[in-house]
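Comments concern the structure below.
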Amino acid sequence: MSIRITIDGHEVIAQHGDRLVDVAADNGVYIPTLCYQRGKPCLGTCRACSVRVNGNVMAACTVPVSDGMEVEVNEPEVADMRKALVELLFAEGNHNCPSCEKSGRCELQAVGYEVGMMVSRFPYRFPVRERETAPEKLWLERDRCIFCQRCVEFVRDKETGRKIFSIDHRGTHASIEVDVALANKMPDEQVREAAELCPVGCIIEKGLGYNDPIGRRKFEIKSIRERALKRKHK
Amino acid sequence: MQLKIQTILDRYGADKTRLMDILWDVQRSDGFISEEATEALAEGLNMSACDIHETASFYHFYFTQPPGKHKIFLADTVIARAKGYEQLRETLERVCGCAFGNVDDSGTFGLYDTNCIGLSDQEPAMMVDDIVFTNLTPEKVERIIAGLKAGKSAETIAGVDRLDPAKIEYVEALVEDNIQNEGPVFFRADRDYPTLLENALEMLPDEIIEEVTNSGLRGRGGAGFPTGLKWRLGRDAEGEEKYIICNADEGEPGTFKDRVLLTRSPGDVLLGMIIAAWGIGSRQGIIYLRAEYWYLKAYLEQQIEDFRKHGLLGNNILGKNFDFDIRIQMGAGAYICGDETALIESCEGKRGTPRVKPPYPIQQGYLGMPTSVNNVETFAAVSRIIAKSADWFNALGTDESTGTRLLSVSGDCERPGIYEIEWGVSLNKVLRMVGAVDPMAVQISGPSGECVSAIQDGERLFCYSDLSCNGSLMIFNRHRDLLDIVENFMRFFVDESCGICVPCRAGGVDLYQKIRLIRAGRGSEKDLADIRSWGTLMHATSRCGLGTTAAKPLLTTLDKFPELYEKLLVTPEGPLLPSFDLKAALQAHEQAYQDLVQEKQS
Ligand SMILES: Cc1cc2nc3c(=O)[nH]c(=O)nc-3n(C[C@H](O)[C@H](O)[C@H](O)COP(=O)(O)O)c2cc1C
Ligand code: SF4
Ligand code: SF4
C-alpha cells in the first residue's frame, strides 16, 4: 500500500511497512548504520541510525513506515545523538585507525567521518581484551569489537547450521568468541565474507593485511554514504 | 558423562528451547557446567559449544567453573547497606577464608555478590545453596558458616530439613510475609477456586475480555499497559498456539510483593492465568520464576498439581472442552529477564536480550506465537475482578487509575512490608501509614523509577499520571548518604545491562564513573552537564526499558537534591578539569619511558 511520510519536512511516497532507514536512503537521505545491512534482518544493536519519529527518538532500522509519519533526520539534536553514539564506540574500544588492518574499509571509521566526529566526548577507556588467535584462518582483535551481532547472527557452519561466533557474558563484560573447530572448517570464501561482514577490524583474515594502498581503499573509492544511497539511481 | 547428559536431554526431549532447564539440571548434578558437559550438550542439541556457553555465561547463577561446595550470595542492596552489610561481608570473608568473587582453598565456600533478592523488608539477607537466611547479624553468619563447616546442610541450619518444601510451612520458616494491612482486593482468605472458575467459564471469552477492559485494570509490572486491550489484541492475533506468561521475575530492587502473592495467594495467580487463557484462547502457560525464589518452586508446583487434581488445569477443564496447563520456568539471575521480550528469549533457552520491537509479544512472542506476558499482581487482580465485577474494581482508586496496588515498603520506617493502597492516596499518607522515620527521600519504583523528596513531594499522589509506582518503595532518612545510594543504583544497571545496545552498555559505565568522580571530590559543573546530556542520550536511544531508565537515579536526585552534588563540586583552577590527574598522567609517561629504556638495555 502506498503511503506518504515526511522526512525533514519533505514529502516522500513509500510502501506501508517498509523500513524507515531504507525509505530514507531511497529518497536520498543518508542515515548511518553500523549493524544494519539492507536486505538482512534488523539487529537493532548500534542505535547509530537514531532519528526522530513523530517526536520520539527511534532506531530507523526498527521502524516500519506508516502513513503520515513525520521523521526528522538532520534536526541538530538527534543528529548529535547519532554522533555521540559513534563517539561512544570509539571510546569503548581501542580504535587506532592508522595501525588497523581494516582502515579504509572499516564502517565505524567511515561513519565517524560521516557524522563529523573529531574526538570522542566520552573518556577513552583503553580496554585490555585478549586477542583470539587460535583459529587457523582468522583471528579476533577483540578490543575493536562493537558487538553489532552480525557475525553471531549471520555466520553458520555450512554442514550443521551451528553458530561459529558468539558473545559470552553480558554488559560491559561481553566478549566475542569463536568456535575454533568450526572456524577451522570454514572455506576460504566464508572466512573472507566473515571478515568483510565485521564492520570493524575485529574479525581479520590471517595472511591478509594492508592489501589496498591508501587512496584506493574501499571507502576511499566510494564513501559509505554513496554506497548507502546508490539504489536511488536504480 | 555422556550417559548423564543423555538422561538430562531426554527429560526435555533434546529440545534446545529448554536450555535453561537443561543447564540447571547439569549444574545441580555436577555443581557446575563443565567444558566436557558443554561439549556433550552441544552434540546432543546440534548446537556449537560456544552457543551453549553464550547462554550459560549470560546468567549470574550458572557457573562454568567449580563454584565451591556451598555457594553463598550476599545481597548487596542499599537497604542492606544501611543495616550492617559491610560488617557481614567482612565476617563472611573471614570465616570462609576467601574474598568475595572467590572460592576458598578447600573448595568448600564460594562467596558471591548479588543484587536485590526480593527480601528488602528483612535484610540483610543471603542465599546459601537453595536456602535464604534473613535479618542477618555477624553472629548469625558465624553460626551458619560453623554449621556448614560441621557438615550440616543449609536446610538443617535453617531448621527446615524436616519440612516438606511443597508445603507453606517450609516457605514460612524461611521468609516472613509482613502483610501489614488488609485491602479490598488481595490476600482474601478461603477462596473457593473450583466455584470461582466455574463462574468465570460461564462467561464467553469476549465477555471476560470486556469485563477486564471495563475494570480499567492496567498492568502492574510497571509499564501500566491496559490489560483488557492486551488480551483483546491477543485474542485477535493469529497463531496456531497462544501463550500466557506470568512474569514472576521481580528483579526491581526493593520489590517483593510478587513473592508474597505467590506465597499467600498462589491460587489467585493461577486462576487469573486460567481466565486469561480462556479469554485469549491459550493452551499453555508459563510462570517465569526468578531463581532467587527457588524456595517457592516446590510449593508452587504443588499448587499447580492441586489445581490439576481439581480439574482446574489440564485437559477438558470443568468439562468445558478447554485445555490449559502451566509450567514453571526458572530464571538464572538476570534483572533484564523481567523485560517481557528478554523473558521470552530466556524461556526459549537463550540469552536474556530484549528483542527488537515491533513485533510485540502479543503478536509474535514465545516460539513466535501470540503471547500475553503479565505481572503476578495483574493476574491476581483479574481473579478478583471476574469474581466481583468490573464496576466493583472500577469504584476503587481514581478515574484513570482504578483499583488498588501492592506496595513493597522497605528502608527507614517502623513497619516495612506489604501494603495494599488505593490509587489516589498521597505520598504523605503512605509515609504515615508505614511509620516513616524522619524521611528525606523516597525511591519510587526502585532504581528505574524516581527519587522524590519527602518534603517537597509529600502531597503527590500514587496514580498512573503521577507516582505510577511499580510496587517498590524505599524510604531513606536524613542520615543516609543519598549519593552512595545513587552510586549503588548506577552500579546495579552496569551489572545488569545485557550489553546488546551501545548507549546502555557503554553509556551506563560512563555515568557510573561520573558519580564516583563527583563523590571522590573531583567533579566540576562540566560533569553535571555531561550527566544530563549523556543521561538524555541513554534515555532516548536505548533499546529497552533498562537503558532508557538507567540514568534516572542520577537525573532525579540531581533534580530534587542538587545541593548534595553542588557541595562536592570543585572549581577548576586554570585550564585543567579537576578530573584530570596531572601528576598521575605525568607519572604514567615517566613509567612508560623508563620501561622502554630498560627494555632497550636488556
Ligand atoms: C528491565 C525491565 C525489567 C522488568 N522487570 C519486570 C518484572 O520483574 N516484573 C514484571 O512484571 N514486569 C517487569 N517489566 C515489565 C515487563 O516488560 C512487562 O511490561 C510486564 O511484565 C507486563 O505485565 P503487565 O502488563 O501485567 O504489567 C520489566 C521491564 C523492563 C524493561
Ligand atoms: S566481531 Fe565484528 S561482526 Fe562480530 S560482533 Fe564484533 S564487531 Fe560485530
Ligand atoms: S538498553 Fe541495556 S539492557 Fe536494554 S537492550 Fe540495550 S544494553 Fe540491553
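So you know, we letter chains A, B, ... as the sequences are listed, proteins then strands, and number each from 1.
Side-chain contact between B/E54 and A/I167 is present, with at least one heavy-atom pair separated by less than 4.5 Å. A 4.5 Å side-chain heavy-atom check between B/H53 and A/D168 finds at least one atom pair inside the cut-off. With contacts defined as side-chain heavy-atom distances shorter than 4.5 Å, the pair A/T172/B/S497 does not qualify. A/L88 places a side-chain heavy atom less than 4.5 Å from the side chain of B/D510.
Using a 4.5 Å cut-off between heavy atoms, B/A56 does not touch chain A at all. With a 4.5 angstrom heavy-atom cutoff, B/Y59 touches chain A only via backbone atoms. Contacts between A/I146 and chain B at a heavy-atom distance below 4.5 Å involve the backbone alone (N, CA, C, O). Heavy atoms of A/R125 lying under 4.5 Å from chain B belong exclusively to its side chain. Of the atoms belonging to A/L85, heavy atoms from both backbone and side chain fall under 4.5 Å from chain B. Proximity to chain A (any heavy atom under 4.5 Å) is restricted, for B/R351, to the side chain, taken from C-beta onward. Residue B/S542 touches chain A through its backbone alone, counting heavy-atom pairs closer than 4.5 Å. Proximity to chain B (any heavy atom under 4.5 Å) is shown, for A/V180, by neither the backbone nor the side chain. Proximity to chain A is limited to the backbone of B/D495, based on heavy atoms less than 4.5 angstrom apart. Interface remark: A/S50 contributes side-chain atoms only to the contact with chain B (heavy atom separation under 4.5 Å).
The nearest pair of heavy atoms linking B/S57 to A/H169 is OG-N, 2.7 Å. Across every non-hydrogen atom of B/V356 and A/C42, the tightest pair is CG1-SG, 3.9 Å. Closest approach of A/P123 and B/W534 over heavy atoms only: CD-CH2, 3.8 Å. Of all non-hydrogen atoms in B/R505 and A/L89, the two that sit nearest each other are NH2-CD2, 3.7 Å.
Not a single donor-acceptor pair under 3.5 Å links the side chain of B/S48 to the backbone N or O of A/I164. Side-chain atoms of A/R170 come within 3.5 Å of backbone atoms of B/F58 as a donor-acceptor pair (strictly under, hydrogens ignored). With hydrogens and angles ignored, the 3.5 Å screen pairs a side-chain donor or acceptor of B/R543 with a backbone N or O of A/G44.
Around OH of A/Y113, the count of heavy atoms belonging to other residues, nucleotides or ligands within 6.0 Å does not exceed 12. Counting non-hydrogen atoms of neighbouring residues, nucleotides and ligands closer than 6.0 angstrom, the CD atom of A/E75 exceeds 12 such neighbours.
With rounding to the nearest 0.5 angstrom, the CZ atom of A/F147 is 13.0 Å from the SG atom of B/C501. The structure places CD1 of B/I500 at 11.5 Å from SG of A/C46, a figure rounded to the nearest 0.5 Å. For the atom pair CZ (A/R121) and CG (B/L537), the distance works out to 7.5 Å, reported to the nearest 0.5 Å.
Each of B/T353, B/I336, B/N46 has some count of heavy-atom pairs under 4.5 Å with chain A, and the biggest count is that of B/N46.
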Next item on the list: I would like to know whether B/D51 and A/R162 meet side chain to side chain contact (heavy atoms under 4.5 Å, CB included); could you show each step before the answer?
Entry: CA-CA 8 Å; B/D51 199 355; A/R162 297 182 187 178; over 6 Å; no

